[in-house]
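Numbers for residues simply follow the sequence, beginning at 1.
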Amino acid sequence: MELFDNLLMGLTTALQLNNLLFCLIGVVIGTAIGVLPGIGPIPAIALLLPFTFGLSPPSAMIMLAGIFYGAQYGGSTTAILVNVPGETSSVVTCLDGHEMAKQGKAGTALAIAAIASFFAGTVATVVIAVLSLPLAALALKFTAVEYFSLLVLGLIAAVVLAHGSVAKSLAMVLLGILLGLVGIDVNSGAPRMTFGIAEISDGLDFVPVAMGMFGLGEIIANLERPAVMRVVSQSIRSLIPSGADLRAAFPAMVRGTVLGSVLGVLPGGGAALPPFSSYALEKKLARDPSRFGKGAIEGVAGPEAANNAGAQTSFIPLLTLGIPANALMALMIGALMMQGIQPGPQIMREQPQLVWGVIASMWVGNLMLIIINLPLIGVWVSMLKIPYRLLFPAIVLFCCIGTFGLANNLFNVWLMLGCALVGYFFIKVGVEPAPLLLGLVLGPQLEENFRRAMLLADGDFSVFLRRPISATLLALVAGLFLLMVFPAIRRSRQEALAE
């Protein structure tokens with residue numbers, strides 16, 4: 001009964017007129033971001049953070065969540081019609097979706113992508129609602145000891161599952177933690193790494209760093225990339241798939257939803273992991289794997305279901321434990337902190353309307369998406385004609401206005417522009433900056449909980465191994481370290497044997 005009472009409370013919050021409006025704004029912006037290649041939800045949410053400052057916490061989170069899962073829908077449109085993924089998670093959809101479009105089945109591919117996303121979103125909303133209560137009850141048993149171990153697990157998982165070099169990802173996490181510790185030490189009152197700059201005595205402001213490094217940095221890099229758009233010339237025929245298409249796609253939808261729901265919860269999993277894993281699974285289970293890459297409908301249904309399910313279930317660690325599963329969830333934590341809400345295991349007890357309102361809004365938002373996406377295909381495709389060079393000046397202007405408006409402080413604008421150059425440098429040298437954002441957000445919490453744990457244990461480090469939950473979490477950390485080290489050991493052995 002408690003679950004239904006909470007869902008009813010969430011629906012009451014989500015169906016308020018202002019929250020419905022912000023949910024609609026979120027999913028429309030998300031769809032547009034997904035359609036436009038190169039922007040993506042992380043830069044977009046980073047750029048929009050200042051504009052949520054005057055909203056109520058439920059409205060702000062509902063809008064930002066809508067942008068995230070709305071981008072999953074929009075990304076499939078350009079992937080199918082243009083063979084250019086509008087969003088990272090839509091890369092796999094290009095393989096079979098565009099082939100279907102070239103065969104005159106663009107309408108079917110778009111419809112299956114939308115139906116799979118709606119089905120996965122609906123199931124994922126139920127999964128979030130069901131898992132939230134037991135996880136929240138478990139989280140209430142956490143002390144500073146368990147919370148420190150959980151934060152370590154989240155950071156290490158982000159390193160293991162991040163794309164590219166593990167060493168570079170680990171360096172980014174450590175750099176993020178260092179940046180998070182800038183400012184006055186609350187215990188001793190001593191300045192740390194402030195270099196005499198009064199504006200950072202309270203620490204680096206999260207929003208300018210995120211906007212510069214993940215928003216402007218990515219957009220500057222996109223200016224260098226050639227934008228060659230070739231939309232499939234055939235007119236889009238019926239958007240209603242046949243019964244045979246639905247029967248072929250439905251098992252893939254179910255498998256993609258289950259796989260995406262599981263992978264979305266993993267810390268550091270990112271947007272690409274669920275759809276790539278789903279595509280690999282469908283190809284392995286297919287009677288004729290050679291069909292994949294030539295217009296197999298399962299190659300659209302499975303990954304599209306997986307990416308939408310993964311996007312939504314990544315909210316579970318955030319809403320129940322206050323731990324971001326990926327860089328975008330770290331931005332969500334930044335939005336909560338801007339609203340004066342401290343993320344953590346107590347959030348479901350202290351902010352039930354916020355948590356259940358966001359959960360219920362996901363189903364409402366998915367319903368909005370399927371209504372506005374398919375009839376407005378022509379509008380979304382026409383957005384591809386907007387030159388990127390015209391979008392860039394407007395984005396920079398809004399960024400500067402939003403950053404300055406946070407505290408009427410010009411220093412934040414310069415900080416954002418400096419971080420934009422750093423972010424651009426990271427992109428050019430092939431370093432993924434997402435783990436840095438996790439370190440920046442979690443660094444202060446890591447230090448605070450470590451100090452509390454040491455205070456409670458009188459400086460005894462063994463307390464982390466004596467408490468069962470903490471010991472289990474650290475065992476998982478050790479297992480992830482082995483995953484990192486084992487490939488390097490195996491390579492070195494093979495090289496030694498070759499000699």
Side-chain angles (χ1 to χ4, degrees), residues 3 7 27 30 34 41 65-66 68-76 79-80 87-93 95-97 108-132 135 241 245-266 269-286 292 296-319 325-326 328-329 358-370 373-374:
L3 174 62
L7 283 174
V27 297
F68 184 26
Y69 56 79
Q72 316 303 315
Y73 272 78
S76 63
I80 291 168
E87 212 275 315
T88 309
S89 60
S90 301
V91 172
V92 183
T93 308
L95 301 176
D96 286 283
T108 301
L110 290 166
I112 287 296
I115 292 168
S117 295
F118 177 73
F119 173 79
T122 302
V123 173
T125 302
V126 175
V127 170
I128 295 170
V130 171
L131 291 182
S132 292
L135 281 175
D245 289 331
L246 286 173
R247 283 192 296 273
F250 184 72
M253 288 184 204
V254 175
R255 288 189 290 267
T257 301
V258 173
L259 189 61
S261 297
V262 173
L263 294 177
V265 181
L266 293 177
L273 185 61
F276 273 97
S277 301
S278 174
Y279 191 82
L281 177 65
E282 292 306 318
K283 193 171 182 180
K284 188 172 183 179
L285 294 177
F292 283 77
I297 198 167
E298 301 95 318
V300 175
E304 283 298 310
N307 74 45
N308 213 58
Q312 291 188 209
T313 55
S314 62
F315 279 85
I316 292 176
L318 173 70
L319 295 176
N326 48 52
L328 199 141
M329 291 300 111
V358 171
I359 291 172
S361 75
M362 290 179 182
W363 186 82
V364 176
N366 274 283
L367 187 60
M368 288 180 177
L369 280 165
I370 202 167
N373 264 262
L374 295 180

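- Atom CE of Met253 sits about 10.5 Å away from atom CD of Glu304, to the nearest 0.5 Å.
- Counting all heavy atoms, side chain and backbone alike, Ala305 lies closest to Ala120 at O-CB, 3.1 Å.
- Scanning all heavy atoms of the two residues, the minimum distance from Ala114 to Ile370 falls at O-CD1, 4.0 Å.
- When all heavy atoms of Met362 and Tyr69 are compared, the pair lying nearest together is CA-OH, 3.6 Å.
- Note: Ile297 CD1 to Ile112 CD1 = 4.0 Å, rounded to the nearest 0.5 Å.
- Here the side chain of Ser278 pairs no donor or acceptor atom with the backbone of Pro275 at under 3.5 angstrom.
- Of all non-hydrogen atoms in Ser314 and Phe68, the two that sit nearest each other are OG-CE2, 3.6 Å.
- At a threshold of 4.5 Å between non-hydrogen side-chain atoms, the residues Asn308 and Thr257 do not count as touching.
- Residues Trp363 and Val126 have side chains not in contact (no heavy-atom distance under 4.5 Å, counting atoms from C-beta outward).
- Atoms CD1 and CG, on Ile316 and Leu131 in that order, are 5.0 Å from each other to the nearest 0.5 Å.
- Here the closest heavy-atom approach between residue Thr313 and residue Ala124 is recorded as CG2-CB, 4.0 Å.
- From Lys284, atom NZ reaches atom OH of Tyr279 across 15.5 Å, with rounding to the nearest 0.5 Å.
- No donor-acceptor pair under 3.5 Å is formed between the side chain of Asp96 and the backbone N or O of Phe292.
- Minimum interatomic distance between Ile128 and Gln312 (heavy atoms only, all atoms of both residues): CD1-O, 3.1 Å.
- Here the straight-line distance linking atom OG1 of Thr122 with atom CG of Leu367 works out to 8.0 Å at 0.5 Å rounding.
- By the 4.5 Å heavy-atom criterion applied to side chains, Leu285 and Glu298 are not counted as neighbours.
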